[in-house]
Colleague: 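Following this message is one structure expressed as structure tokens.
Just so we're clear, the structure is a prediction, and the values are computed from it rather than from any experiment.
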Amino acid sequence: MMPAAIRIRGLSKRYRSGILANANLTLNVHEGELLALLGPNGSGKTTLVRQVTTEMRPSEGAIEIMGIDAVRHGQRVKEIIGVVPQEAELFEHLTVEQHLFYFALFRGLGRPSARKCVENAIDELQLGERRKDIIKHLSSGLKRRVLVAIALLSDPPVLILDEPTTGLDPGSRRALWQVLLERKRRGTTMILTTHYLEEAELLADRIGILSHGKLIALGTLSELRGKARVGGLLDESEEGLMEVYFRFIEEKV
Amino acid sequence: MKFIRDVMLVFWLYVQESRSCIGYFLLSAVLLPGGLLLFTTGVSEGRPSLRLLAGSMLFALSMLSIMGLGSTLLEDRFRGRLKLIMTCPIAASAYLAGVFLFASCQSLISAFLMLLFAHFLYLTPHVTWMLLPVAILTTLPLSAISLINARYAHSIYQASLLNDMIGTGIVMICPVFYAAEILPAPLRYLSMVLPPTYAADALLKVMSGEQGIGFDLAVLALMSCVALMLWPRLLPWRDE
């Protein structure tokens, strides 16, 4: 088994309002692995992602990314991760190309390297025809692709994607899946949150299911099926991730 | 070195983003403080003075630094752009300094345009480089007001109202266009802790060619230091 690229230990997040968004989460994401996180709205997926990306400080617990303590050294972690936040927006009057160039520079690249990275990202996300368009004139799906392109700049070894395909049409979604599969083939470690079960089934090496802030299941699809059967949650005939997912969620809620 | 590079990158990012609004900016940069100068000259029986010019320049500095900085911070926070910037390995203070530089440049341009505008009223202020540190030390403490609004406001509407009110109002309740004796006692005491009081004094002295702005500069520098110390505390770079 590959070593862990992301280590999460006893992670909890309690908001000032008293709500416990994550409760004692412990998991590893191995190098080159794509972990999909599933769960209903409010289950704590985004809270977990925000803590991993250093956007939010955990109440308790530890996060280590490629051996760096993400709680203490947020800036250093940001140098090695690419992030697609769920609710981020772009600058309306900048072009696609300008966005990518500025954000490549923000990642510490020199101008020649930044230009090269911009070209690679434009090719990878098929944004060539729209590179000179200002963001204001793009559809929400294209904006989402630009956000993904920004996350891919500088080829980070770890990618954190919070519902990256939300709002994309089926064609764009499939194109993005190809990008993620290619990244996986090249050894990028990824955490992906999604509500699309077919997406998790297609892309993920392992799947985690969150409910009420707790990690109620974690494993490959066949392991989850096995656990569901042993626990009496699933019949032999029920095979798909959807059945497994709902059985876990309904049993634990 | 990285810090300065990041500050300049943030600055140019916002310059690029606002290029389409440059006409509106120049119009407001002249129209509002220029209009105020004309208005105050009118109510002073048509006698323009350096005091009124200093007041209009301060109005430009205050309006554009509080409202300009405030609107950028608010848009970033409430429209989700800050989330995107925060994914990058740049320091919160570099982001803030870049946005502040952007807003300050706008306010400095507006204040400079007032110096040109003054010639239409046959005012001939003494223009020296000393105006620059006075202007910068005026905008720095005012930046803290924008930050407090951006940090604690519950909505973009609420914060915009506060920014507009304070950005224009703070110059009115300080002894800028008039002598301090005119103010009621509570406002007089309040004005003693507000930067425009000292900035007006310093601007007037510099433009009159007088000496002795050391005290005003020292107070403004002290207020600027307090503002700079507040910067990292007021920007929610990492949610708690």
Colleague: Rounded at 0.5 Å granularity, tell me how far CH2 in B:W12 sits from CG in A:L105.
Modeller: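 Output value for this atom pair is 13.5 Å.
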Colleague: Can you find a pair of side-chain heavy atoms, one from A:F91 and one from B:Q16, that are under 4.5 Å apart?
Modeller: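 Heavy-atom side-chain distance check fails, nothing below 4.5 Å.
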Colleague: With a 4.5 angstrom heavy-atom cut-off, which part of A:Q98 approaches chain B: side chain, backbone, both or neither?
Modeller: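 When you check distances to chain B, only side chain atoms of A:Q98 fall under 4.5 Å.
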Colleague: Could you go step by step and tell me if A:F106 and B:L13 meet the side chain to side chain contact (heavy atoms under 4.5 Å, CB included) rule?
Modeller: CA-CA 11 Å; A:F106 278 142; B:L13 184 74; 4.1 Å; yes
Colleague: What distance separates A:E79 CD from B:C88 SG, expressed to the nearest 0.5 Å?
Modeller: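 That separation rounds to 11.0 Å.
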Colleague: For chain B, which of A:I81, A:L94, A:I80 has the most heavy-atom pairs under 4.5 Å?
Modeller: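 Most pairs with chain B among the choices: A:L94.
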Colleague: Is A:R50 close to B:K83 at the side-chain level, that is, under 4.5 Å between some pair of heavy atoms?
Modeller: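 When only atoms from C-beta onward are counted, A:R50 and B:K83 do touch, with a gap below 4.5 Å.
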Colleague: Might you confirm whether atom CG of B:L116 has over 12 heavy atoms from other residues, nucleotides or ligands at distances under 6.0 Å?
Modeller: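 Atom CG in B:L116 is packed in, count exceeds 12.
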Colleague: Tell me whether B:F112 at atom CZ has more than 12 heavy atoms from other residues, nucleotides or ligands lying less than 6.0 Å away.
Modeller: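 Atom CZ in B:F112 is not crowded, with 12 or fewer foreign heavy atoms closer than 6.0 Å.
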Colleague: Check this for me: B:F120, atom CZ, are more than 12 non-hydrogen atoms of other residues, nucleotides or ligands nearer than 6.0 Å?
Modeller: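 12 or below, so no.
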Colleague: How about NZ on A:K184, more than 12 heavy atoms from neighbouring residues, nucleotides or ligands closer than 6.0 Å, or not?
Modeller: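 More than 12 heavy atoms, drawn from other residues, nucleotides or ligands, come within 6.0 Å of this atom.
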Colleague: Name the option with the most non-hydrogen atom pairs under 4.5 Å to chain B; the candidates are A:V77, A:L90, A:T53.
Modeller: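 When all of A:V77, A:L90, A:T53 are compared, A:L90 has the most.
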Colleague: Is B:T87 close to chain A through its backbone or its side chain, or both, or neither, when contacts mean heavy atoms under 4.5 Å?
Modeller: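 For B:T87, the contact with chain A is made by backbone and side chain together.
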Colleague: Counting distance only, does the side-chain N/O of A:E55 pair as donor-acceptor with the main-chain N or O of B:M86 below 3.5 Å?
Modeller: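 Not a single qualifying donor-acceptor pair exists.
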Colleague: Out of curiosity, B:E75 CD to A:E92 CD, how far, rounded to the nearest 0.5 Å?
Modeller: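 One gets 8.0 Å once the value is rounded to the nearest 0.5 Å.
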Colleague: Would you say that more than 12 heavy atoms from the other residues, nucleotides or ligands in this model lie under 6.0 Å from the CE of B:M172, or not?
Modeller: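 Buried by this count: over 12 neighbours within 6.0 Å.
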Colleague: Quick check on A:I160 against chain B: is it the side chain, the backbone, both or neither that has a heavy atom closer than 4.5 Å?
Modeller: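 Neither part.
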Colleague: Rounded to the nearest 0.5 Å, what's the gap from CD on A:Q75 to NZ on B:K2? Could you check?
Modeller: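 One gets 7.0 Å once the value is rounded to the nearest 0.5 Å.
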Colleague: Of all of B:D76, B:I85, B:D6, which one pairs up most often with chain A through heavy atoms under 4.5 Å apart?
Modeller: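 Highest number of pairs under 4.5 Å: B:I85.
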Colleague: Can you tell me which portion of A:I135 sits under 4.5 Å from chain B's heavy atoms? Options are side chain, backbone, both or neither.
Modeller: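 Neither part; nothing is under 4.5 Å.
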Colleague: Is there a side-chain contact between B:I90 and A:K78 (heavy atoms, below 4.5 Å)?
Modeller: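 With C-beta onward as the side chain, the pair stays apart.
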Colleague: Mark yes when over 12 heavy atoms from residues, nucleotides or ligands other than B:H154 sit less than 6.0 Å from its NE2; otherwise mark no.
Modeller: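 At most 12 heavy atoms, drawn from other residues, nucleotides or ligands, come within 6.0 Å of this atom.
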Colleague: Are the side chains of B:L84 and A:V83 in contact, using a 4.5 Å heavy-atom criterion?
Modeller: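 With C-beta onward as the side chain, the pair stays apart.
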Colleague: Are A:H93 and B:R19 packed together at the side-chain level, in the sense that at least one heavy-atom pair is separated by less than 4.5 angstrom?
Modeller: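 Of all side-chain heavy-atom pairs linking B:R19 with A:H93, none is under 4.5 Å.
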